[in-house]
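Structure, as structure tokens:
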Amino acid sequence: QVQLVESGGGLVQAGDSLRLTCVNSGDTSGNFAKAWFRQVPGKEREFVAAISYSGQTTNYAPSVKGRFTISRENAKNTMYLQMNSLKLEDTAIYSCASRQHPFMSTKAIDYDFWGRGTQVTVSA
């Protein structure tokens, strides 16, 4: 069973940076693509970024492209989201997700395993 645990969230000011980490502490035998999603209470879950199993292919939501960078270290069963130039509208709970497929997707429904999330709050 894949078990995803996020960390690195916090309270920062607009313009600051944060790096989120997602560790798979469970079954690591599959070639899984991974992604980050975010959600604000009362709103739908929103795609942020995705990365293929090899790490060679990435995809970003237009709202974060150029500011966020997704990466992974398969040897450490870890994925990252480097967030720079944070904006007020980036405030959300960020969750990592994994799918039983090597190719990434931007759709939440395509992901099989989810972490509980980490809160990111950006203040003015």
Partners passing side-chain hydrogen bond (donor to acceptor under 3.5 Å, both in side chains) against [X] (at least two apart in sequence or in another chain):
X: Ser52; result: Ser54
X: Gln100; result: none
X: Gln39; result: none
X: Ser105; result: Asp110

| request: Of all the heavy-atom pairs spanning Ser95 and Gly117, show the shortest one and how long it is. | output: OG-CA, 3.5 Å
| What are the two closest heavy atoms between Val5 and Ser25, and how far apart are they? | CG2-OG, 4.4 Å
| Is it true that the side chains of Thr91 and Glu89 contain a donor and an acceptor less than 3.5 Å apart? | no
| task | Any disulfide (SG to SG under 2.5 Å) involving residues 92-124? Give me the pairs, sequence neighbours left out, ordered by first then second residue. | result | Cys22-Cys96
Pairs meeting criterion salt bridge (charged side-chain N to carboxylate O under 4.0 Å, His left out) with involvement of [range], two or more places apart:
range: residues 57-77; answer: Arg67-Asp90, Glu73-Lys76
range: residues 1-15; answer: none
range: residues 42-61; answer: Arg38-Glu46
range: residues 98-107; answer: none

To the nearest 0.5 Å, what is the distance between [atom1] ([X]) and [atom2] ([Y])?
X: Leu4; Y: Lys34; atom1: CG; atom2: NZ; answer: 5.0 Å
X: Ile70; Y: Met79; atom1: CD1; atom2: CE; answer: 5.0 Å
X: Ser71; Y: Ile51; atom1: OG; atom2: CD1; answer: 6.0 Å

| request: Could you tell me whether a side-chain N or O of Asn59 sits under 3.5 Å from a main-chain N or O of Ala50, the two making a donor and an acceptor? | output: no
| said: If we ignore hydrogens and angles and just use 3.5 Å, is the side chain of Thr118 paired with the main-chain N or O of Leu20 as donor and acceptor? | reply: no
| request: Evaluate the side-chain proximity of Leu11 to Ser123: yes if any heavy-atom separation is below 4.5 Å, no if none is. | output: yes
| field | All pairs passing ring pair (Phe, Tyr, Trp, His ring centres under 6.0 Å) where residues 77-101 contributes a residue, at least two apart | value | His101-Phe103
Hey, any chance [X] and [Y] share a hydrophobic cluster, counting ILVMFWY side chains that come within less than 4.5 Å of each other, even indirectly?
X: Val23; Y: Val48; value: no
X: Phe113; Y: Trp36; value: no
X: Leu18; Y: Tyr60; value: yes
X: Met104; Y: Phe68; value: no

| message | Taking side chain to side chain donor-acceptor pair (under 3.5 Å) as the cut-off, I'd like each qualifying pair that reaches into residues 10-23, sequence neighbours left out, listed once. | response | Ser17-Asn84
| Residues in ring-ring contact (aromatic ring centres under 6.0 Å, His included) with Phe37, at least two apart? | Phe47, Tyr111, Trp114
